[in-house]
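Letters go in sequence order (proteins before strands), and every chain restarts at 1. Just so you know, these numbers use all the heavy atoms, side chains as well, and skip hydrogens, waters and symmetry mates. These numbers were taken from a predicted model, which means no experiment stands behind them.
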There are 2 protein chains.
Amino acid sequence: MVDDVKSPAELTDLFRAQGLKVTPQRQAIFRILHESEVHPSAEAVHAEVTRELPMVSLRTVYQTLNDLAAMGELVQLDLGTGAARFDPTLTPHHHLVCDGCGRVTDLEVDFPDVSVPATLHRGFTVSSTQIVFRGRCDACAAAVPVHP
Amino acid sequence: MVDDVKSPAELTDLFRAQGLKVTPQRQAIFRILHESEVHPSAEAVHAEVTRELPMVSLRTVYQTLNDLAAMGELVQLDLGTGAARFDPTLTPHHHLVCDGCGRVTDLEVDFPDVSVPATLHRGFTVSSTQIVFRGRCDACAAAVPVHP
DNA sequence: CGTTCATCAACAACGATTGCTAACAAGCAA
DNA sequence: TTGCTTGTTAGCAATCGTTGTTGATGAACG
Ligand SMILES: [Mn+2]
Ligand SMILES: [Mn+2]
Ligand SMILES: [Zn+2]
Ligand SMILES: [Zn+2]
């Protein structure tokens with residue numbers, strides 16, 4: 001079972017409960033995240049939002065995404081693709097990252113053997129484990145047969 | 001057996017073979033990388049270099065680190081710690097990243113079970129697998145006992 | 001020694017993100 | 001409804017890490 005980002009209605013309640021106001025801009029962001037199958041950057045969310053509300057600033061999008069991440073309703077990923085990616089899937093999972101187009105795909109597989117051996121952790125306390133498989137997605141592999 | 005960055009002498013030969021000149025600045029960078037136990041950022045390398053050669057510009061450091069990375073003699077890591085880190089250990093391995101101080105520690109352990117199941121890779125071709133354990137190093141765990 | 005290339009300084013510029021602030025508008029009370 | 005209060009927004013400046021540009025200088029290599 002996958003723990004996804006809450007529905008726009010639930011996020012609305014949550015924001016009100018935190019004393020935050022629920023604006024049309026925020027509601028649009030809630031909706032976009034809830035419907036998103038990808039791992040959008042702030043820019044990408046902004047591009048979506050401005051299709052409905054052309055005047056929303058990128059600043060506002062960052063603000064709301066940060067608020068959601070701070071509440072734990074959204075996961076911020078830094079995968080070395082330039083911009084941070086926001087993940088509406090809250091359950092811990094891993095990722096395939098395409099070096100060609102930057103596409104991020106979920107890998108919902110548990111690797112129970114992956115942990116730091118007690119003899120090697122030297123006092124380090126692990127709070128999260130991220131596995132990133134880098135390579136090329138089907139589309140990018142087809143586009144560049146041999147050499148770039 | 002660990003495949004480390006080549007010695008200053010070897011890198012000197014390599015640069016000459018590529019038609020690149022070997023300057024005191026570059027030699028200092030070669031030496032620093034060869035002696036480094038950490039995963040320095042370009043800034044950190046620059047700070048070291050300027051202890052010997054105070055006039056070396058950060059631009060030159062970036063240039064040389066990029067040259068080395070392009071030759072495959074140095075690995076550039078993006079671990080979400082702000083600046084890129086340069087890794088003198090060339091053998092594939094994994095990392096512990098401290099969320100407190102940004103320290104990066106090697107984990108030279110092989111996890112043979114970590115791979116993308118054939119039923120799930122959907123045409124994705126994996127070229128590298130990175131495992132990052134995030135958490136707190138001993139020093140940072142001690143510094144922040146309960147709450148920040 | 002002469003050619004070539006690297007370096008330097010001093011910038012500007014970049015992309016991603018955050019800080020600042022004046023103007024605005026949502027929420028609430030009367 | 002009206003008006004007040006306060007959170008929110010848009011717009012812009014600024015930040016950080018990194019790269020591009022310039023032209024003058026100097027060093028490396030053959
Ligand atoms: Mn994901
Ligand atoms: Mn390493
Ligand atoms: Zn791709
Ligand atoms: Zn630490």
Side-chain angles (χ1 to χ4, degrees), chain A residues 8 11-30 39-47 49-50 52-71 74-87 97 101-102 104, chain B residues 8-9 11-30 32 39-47 49-50 52-71 74-87 102 104:
Chain A
L11 290 177
T12 294
D13 292 348
L14 221 138
F15 264 52
R16 289 233 172 86
Q18 307 265 326
L20 300 172
K21 294 178 179 169
V22 177
T23 64
Q25 292 87 336
R26 292 186 157 180
Q27 286 176 320
I29 295 171
F30 296 166
H39 296 74
S41 64
E43 284 279 5
V45 173
H46 182 243
V49 174
T50 51
E52 312 177 24
L53 302 169
M55 294 291 95
V56 178
S57 74
L58 184 54
R59 191 72 185 78
T60 298
V61 174
Y62 271 109
Q63 207 106 281
T64 303
L65 293 177
N66 286 342
D67 288 345
L68 285 167
M71 293 179 202
L74 191 61
V75 177
Q76 181 170 349
L77 300 174
D78 194 337
L79 296 167
T81 53
R85 300 300 198 92
F86 293 88
D87 195 337
V97 179
C101 62
V104 177
Chain B
L11 290 176
T12 294
D13 292 349
L14 223 138
F15 264 53
R16 289 229 174 88
Q18 308 263 326
L20 299 172
K21 291 177 178 170
V22 178
T23 63
Q25 292 90 335
R26 289 179 165 181
Q27 287 175 322
I29 294 170
F30 296 165
I32 286 159
H39 297 74
S41 64
E43 283 281 4
V45 173
H46 182 243
V49 174
T50 51
E52 311 177 25
L53 303 170
M55 293 290 94
V56 177
S57 72
L58 182 56
R59 194 76 187 72
T60 298
V61 174
Y62 271 110
Q63 209 104 281
T64 303
L65 294 176
N66 286 341
D67 288 346
L68 286 167
M71 293 179 202
L74 191 63
V75 176
Q76 181 170 350
L77 300 175
D78 194 336
L79 296 168
T81 53
R85 302 301 199 90
F86 293 88
D87 194 337
V104 177

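- Nucleic acid contact class of B:Gln25 (heavy atoms, under 4.0 Å, all strands): sugar-phosphate only.
- B:His46 places its NE2 atom 13 Å from the P atom of D:dT18, with the value rounded to the nearest Å.
- At least one side-chain heavy atom of B:Arg16 sits under 4.5 Å from a side-chain heavy atom of B:Val22.
- Whole-Å rounding puts the B:Glu43 CD to D:dT15 P distance at 16 Å.
- One can place CG of B:Leu53 at 14 Å from C1' of C:dA6, the figure rounded to the nearest angstrom.
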Exercise for review: Show your working on side-chain contact (heavy atoms from CB on, under 4.5 Å) between B:His39 and B:Leu79 and close with a plain yes or no.
Suggested key: CA-CA 11 Å; B:His39 297 74; B:Leu79 296 168; over 6 Å; no
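- Remark: A:Gln63 is not in phosphate contact with C:dG19, judged by side-chain N or O atoms under 4.0 Å from OP1 or OP2.
- Ranking D:dA10, C:dT7, C:dA26 by closeness to the B:Arg26 side chain, first place goes to C:dT7.
- Along DNA chain C, the nucleotide nearest to B:Ser57 and the one nearest to B:Gly19 differ in position, and the one closer to the 5' end is contacted by B:Gly19.
- Remark: C1' of D:dC29 and CD of B:Gln27 are 13 Å apart, rounded to the nearest angstrom.
- Rounded to whole Å, atom P of C:dA25 lies 19 Å from atom CG of A:Leu20.
- In this structure, A:Phe15 places its CZ atom 13 Å from C1' of D:dG7, rounding to the nearest Å.
- Counting non-hydrogen atoms under 4.0 angstrom, A:Ala42 reaches nothing in the nucleic acid.
- Looking at heavy-atom distances under 4.0 Å, B:Arg59 makes contact with a base.
- Side-chain atoms of B:His46 come within 3.5 Å of backbone N or O of B:Val56 as a donor-acceptor pair.
- For B:Thr23, no side-chain nitrogen or oxygen approaches OP1 or OP2 of D:dA27 to under 4.0 Å.
- Two residues, A:Val56 and B:Lys21, neighbour DNA chain D, and the one matched to the more 5' nucleotide by heavy-atom proximity is A:Val56.
- Looking at A:Thr64, its side chain never comes within 3.5 Å of a backbone N or O of A:Val61 through a donor-acceptor pair.
- A side chain to side chain contact (heavy atoms under 4.5 Å, CB included) with A:Leu11 is found for one member of A:Ile29, A:Asp67, A:Leu68 and no other, namely A:Leu68.
- When the side-chain nitrogen and oxygen atoms of A:Thr60 are compared with OP1 and OP2 of D:dA10, one or more of them lie within a distance under 4.0 Å.
- Rounded to whole angstrom, the span from the CZ atom of A:Arg16 across to the C1' atom of D:dT8 amounts to 14 Å.
- Taking atom CG of A:Asn66 as the reference point, atom C1' of C:dA16 lies 12 Å away to the nearest angstrom.
- The shortest distance between the side-chain N/O atoms of B:Tyr62 and the OP1/OP2 oxygens of D:dT19 is not below 4.0 Å.
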